[in-house]
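This report concerns only the one structure given below.
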Amino acid sequence: MGTSQKAACVIGWPIKHSRSPLIHKYWMRQHGIDADYRREAVEPEKLGDFIAHLSSNGYVGANVTLPHKEAVLQLADPDSRALSVGAANTLFFRSGRLCATNTDVEGFVANLDVEASGWDSELETAVVLGAGGGARAVIYGLIERKVERIVLVNRTIEKAAKLASVFGDRVQPTAWSDLPRAMRSARLLVNTTSLGMTGQPPLEIDLAPLASDAAVSDIVYSPLETPLLAAAKARGLKTADGLGMLLYQAVRGFSLWFGVKPEVTAELRALVERDLVN
Ligand code: ATR
């Protein structure tokens, strides 16, 4: 690197499509911070070595994405949230120690509060579709917000049962065929599956059983408006999209690295939207 300029990076394999550089460089410009943000393609076997040299390579911190979010827990000091979610997406230094945290949880909830403002966090039942890493962060966020019951619907019911067991009785593994019934009592539906993502089959569900004051959220952000969100909007439901979650999850990393809490502005959102459609 050879300069004393501060830098952060996003570590993944592959890493080409990460929008994190766009987000963090926007905030650096906004706050007059002379720093860089790079994409680092690091294959799994080299992750330990890369992390060990993070500081000596000039990095004040990093984002971590697929497939490293779980492995990184062994390579840094995870906080309780990273441990609870079982994955970390943000690395930062405190007193010379490399710490790992997870900001997906707050990204999901903060975006829901903004985009689907008025969603009823006192609600009794939420339906979560999918049982992968995304679902785990979403469920954790919903439990923090005191949602009483989470119906966890997944194609592979064993995976839903395994994830539900991490959280106890509040999370109920449920078969896809029971989705219409589960939706009748739900005030929030969240898609965490890859269905609806560009290149994947659409998520085809009939939203009719949902109450008219329910909210629908999708963690998929490519395309910006998934068929699920389009259907929810057509029914007049509140919606929150995956791009919002991506933007809000980035806030704490930037604060930890540069000591300034950045804002998710309409201008930033438009910038990333333009990049996603090009
Ligand atoms: P992530 O960690 O990003 O959440 P993941 O672990 O690959 O991703 O999980 C993807 C989720 O999408 C899973 O819940 C998966 O269901 P299975 O557990 O049954 O595999 C779900 N998914 C992917 N393709 C699907 C499809 N065609 N139909 C239904 N669910 C699907």
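Whatever order the structure lists ligands and atoms in, that order sets their numbers, starting from 1. All values below come from the heavy atoms of this structure, side chains included, with hydrogens, waters and symmetry mates left out. Just so we're clear, the structure is a prediction, and the values are computed from it rather than from any experiment.
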Are more than 12 heavy atoms from other residues, nucleotides or ligands located less than 6.0 Å from atom CD of Glu124? no

Mind running side chain to side chain contact (heavy atoms under 4.5 Å, CB included) on Val272 and Tyr221 for me, showing each step along the way? CA-CA 11 Å; Val272 183; Tyr221 61 84; over 6 Å; no

Of all residues at least two apart in sequence or in a different chain, which pass the side chain to side chain donor-acceptor pair (under 3.5 Å) check with Thr193? Asn191

Those protein residues which place at least one heavy atom below 4.0 Å from ligand 1: Gly130, Ala131, Gly132, Gly133, Gly134, Asn154, Arg155, Thr156, Lys159, Thr192, Thr193, Ser194, Leu195

Once you measure the plane-to-plane angle for Phe167 and Tyr140, does it fall in the parallel (<30°), tilted (30-60°) or perpendicular (>60°) bin? tilted

Ionic contact status for Asp113 with Arg145, cut-off 4.0 Å: yes

Cut-off 3.5 Å, side chains only: do Arg81 and Thr101 have a donor facing an acceptor? no

